[in-house]
Amino acid sequence: DLSFVFQIEDALRKIPELFYERRTPRKSPAFTGDRPILDQIKEKDKLLSYPYESINPFLNMLHEAANDKDVVSIKMTLYRVAKQSKVVEALIEAAENGKEVLVLVELKARFDEENNIGWSRLLEDAGCRVIYGLDGYKVHSKLCLITKKTDEQIEYYTQIGTGNYNEKTSRLYTDLSLMTYNVDIGLEAANVFQALAMGETIKHVDHLLVAPKCLQNKILDMIDEEIAHARAGEPAYIGLKMNSLTDKKIMEKLVEASCAGVRIDMVIRGICCLKTGIPGVSENIHVRSIVGDFLEHSRIFYFFNDASPEVYMGSADWMPRNLDRRVEILFPVEDENLKEKVIHILKLELEELRSNVVGAQLGQQAIKTSLIAGAIGLVLVGIFMIIVYALPGVVAALSLAIYTGLELVMLNAFDLTLTLPGIAGIILSIGMAVDANVIIYARIREEIAAGKSVRSAIKTGFEKAMSAIVDGNI
């Protein structure tokens, strides 16, 4: 539990220049406070943009559903929730009021396993049906389905988003949350939950894109459509925003689109394995990364489609782990006003308002500065591991030092040139090793707390940590 780190933030609050100006999410103009949330969603699809708009309408929707006599069920996937979760409180309230509450809690959510286990027990105690993940897959989708039965019909209210059901991160991450009364989406959401309850994955969809079997192929088809438009001499465009791009099939298809004349603009915050600007290969692909006050977390996928735009959003990055080893959902934005709003958000992030040239350090001085920074970072990481994990931390720190030493020996033995990207790669690999250590020790501690011997706890801890380490780094 690293929550003690936030005490440092509290101690430094006396130095205002160290912090960004505090911002408070505004009330969403899409909702009025004098009418039930569900009634407003029934009239028109609603979109919340975090952290600029408050998460309260979504929380109010859950509490409203928990107390609505016509609501028969609430179904939801939970990946990361807040320590004091109002979302979970609303689900417990619904179960206590006699609603059917089905919750899939992902126990492989890295660093949130203990928190998720605690909430799962409370949900079960309240009468909720809890599903603990899916064998062989991590459920990363953000899906909530409220089913209401009136005298006339069965109604589906679906919420799908790009970010977690977490009140804290909704003030720190940029995410988008769609709430819709669309019957087709509601029925497919119901099918998703039915499959999850049976331990299965979705094999066919018409509206939602659901990994691992019905997402990548649909994306490739939409890229192919843009390629066909370009080859026919028609305008063709793809605008994308995501955290990472590493999937080989999709990257090859994007290169094919570029060669066909499709302009592709991408906002990618993290890893991008596609090299752009290569003449005759990727010269029509442009990538930028936005690093600002908030963590850019939303995923937007915009296809021009011969002036009939198709816009999808959701939880999936274009990485093998998301497309092949996770249950992810991308959803269409079908309301024309909301579609224009999402396209506007994407275009705004692609628009260059001002350009500054920042001089870079070059040559030997840059290498020396980077090596010093890396050494300081390694020492601080070692101190951190020792303070948090005591004797196991000492072992981890020594292992990291040996690992770093071996890397430097290999570089010297093969007479390899140490460049700035090379130094960054070494530092990144050290970070990945520390990340793995933290996960393993957390699992070992859980096993010891459960009464297992140290030897058995170490063996089981390594086994349980492996899937999270692989999923987080590959």
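- Relative orientation of the H297 and Y173 rings is tilted, given thresholds of 30° and 60° on the angle between their planes.
- In this structure the side chain of T174 reaches within 4.5 angstrom of the side chain of Y52, judged on heavy atoms.
- Using a 4.0 Å cut-off between charged nitrogen and carboxylate oxygen, E296 and K241 count as a salt-bridge pair.
- Remark: side-chain polar atoms of D317 are not paired, donor with acceptor, to backbone N or O of M319 under 3.5 angstrom.
- When atom types are taken as modelled, the side chain of S282 and the backbone of K275 share a donor-acceptor pair closer than 3.5 angstrom.
- Between the N97 side chain and the A66 main chain, a donor and an acceptor come within less than 3.5 Å of each other.
- Here the side chains of Y50 and P25 are not in contact, with every heavy-atom distance at 4.5 Å or above.
- Using a cutoff of 4.0 Å between basic side-chain nitrogens and carboxylate oxygens, R121 and E124 are not scored as salt-bridged.
- Atom CD1 of residue I223 and atom CD1 of residue I250 lie 6.0 Å apart, to the nearest 0.5 angstrom.
- For the pair V81 and N164, the minimum side-chain heavy-atom distance is 4.5 Å or more.
- Note: Y79 and Y165 fail the aromatic proximity criterion, with ring centroids not under 6.0 Å apart.
- For the pair K42 and Y157, the NZ or CZ position fails the cation-pi test of under 6.0 Å to the six-membered ring centre and within 45 degrees of the ring normal.
- With hydrogens and angles ignored, the 3.5 Å screen pairs a side-chain donor or acceptor of N67 with a backbone N or O of H63.
- K86 NZ: 12 or fewer foreign heavy atoms inside a 6.0 Å radius.
- Checking side-chain atoms of R80 against main-chain N and O of L78 turns up no donor-acceptor pair under 3.5 Å.
- For the pair K148 and D68, the salt-bridge criterion is met [side-chain N within less than 4.0 Å of a carboxylate O].
- When only modelled atom types and interatomic distance are considered, E106 and T77 share no side-chain donor-acceptor pair under 3.5 Å.
- Annotation: Q84, atom CD; neighbour count of heavy atoms from other residues, nucleotides and ligands within 6.0 Å does not exceed 12.
- Side-chain contact check for H286 versus M266: every heavy-atom pair is 4.5 Å or farther apart.
- Salt-bridge annotation for R35 and E64: absent, with no side-chain N of the basic residue lying under 4.0 Å from a carboxylate O of the acidic one.
- The line from CD1 of I345 to CG of L350 is 12.0 Å long, rounded to the nearest 0.5 Å.
- Checked by atom type, the side-chain pair D45/T180 shows a donor-acceptor distance below 3.5 Å.
- A salt bridge is defined here as a Lys NZ or Arg NE, NH1 or NH2 lying under 4.0 Å from an Asp or Glu carboxylate O, and E53 with R26 meets this definition.
- At distances below 3.5 Å, at least one donor-acceptor pair connects side-chain atoms of S28 with backbone N or O atoms of A30.
- Looking only at atom types and distance, the side chain of H207 has no donor-acceptor partner in the side chain of E188 under 3.5 Å away.
- Side chain to side chain, D175 and T162 meet the donor-acceptor criterion of an N or O pair below 3.5 Å.
- With salt bridges taken as basic N to acidic carboxylate O contacts below 4.0 Å, none links D265 and K347.
- Side-chain N/O atoms of S54 and K27 include no donor and acceptor closer than 3.5 Å.
- A donor-acceptor pair is defined here as one N or O able to donate and one able to accept, closer than 3.5 Å; no such pair exists between the side chain of S49 and the backbone of L176.
- N182 and Y156 are not linked by any side-chain donor-acceptor pair at a separation below 3.5 angstrom, with hydrogens and angles left out of the test.
- Contact check for I160 versus L208: side-chain heavy atoms found under the 4.5 Å cut-off.
- Look at R321 and E328 and you find no salt bridge, because none of the NZ, NE, NH1 or NH2 atoms lies under 4.0 Å from a carboxylate O.
- Counting only distance, with no hydrogens or angles, the side chain of R269 and the backbone of V291 share no donor-acceptor pair below 3.5 Å.
- Remark: the D34 side chain and the T32 side chain contain an N/O donor-acceptor pair separated by less than 3.5 Å.
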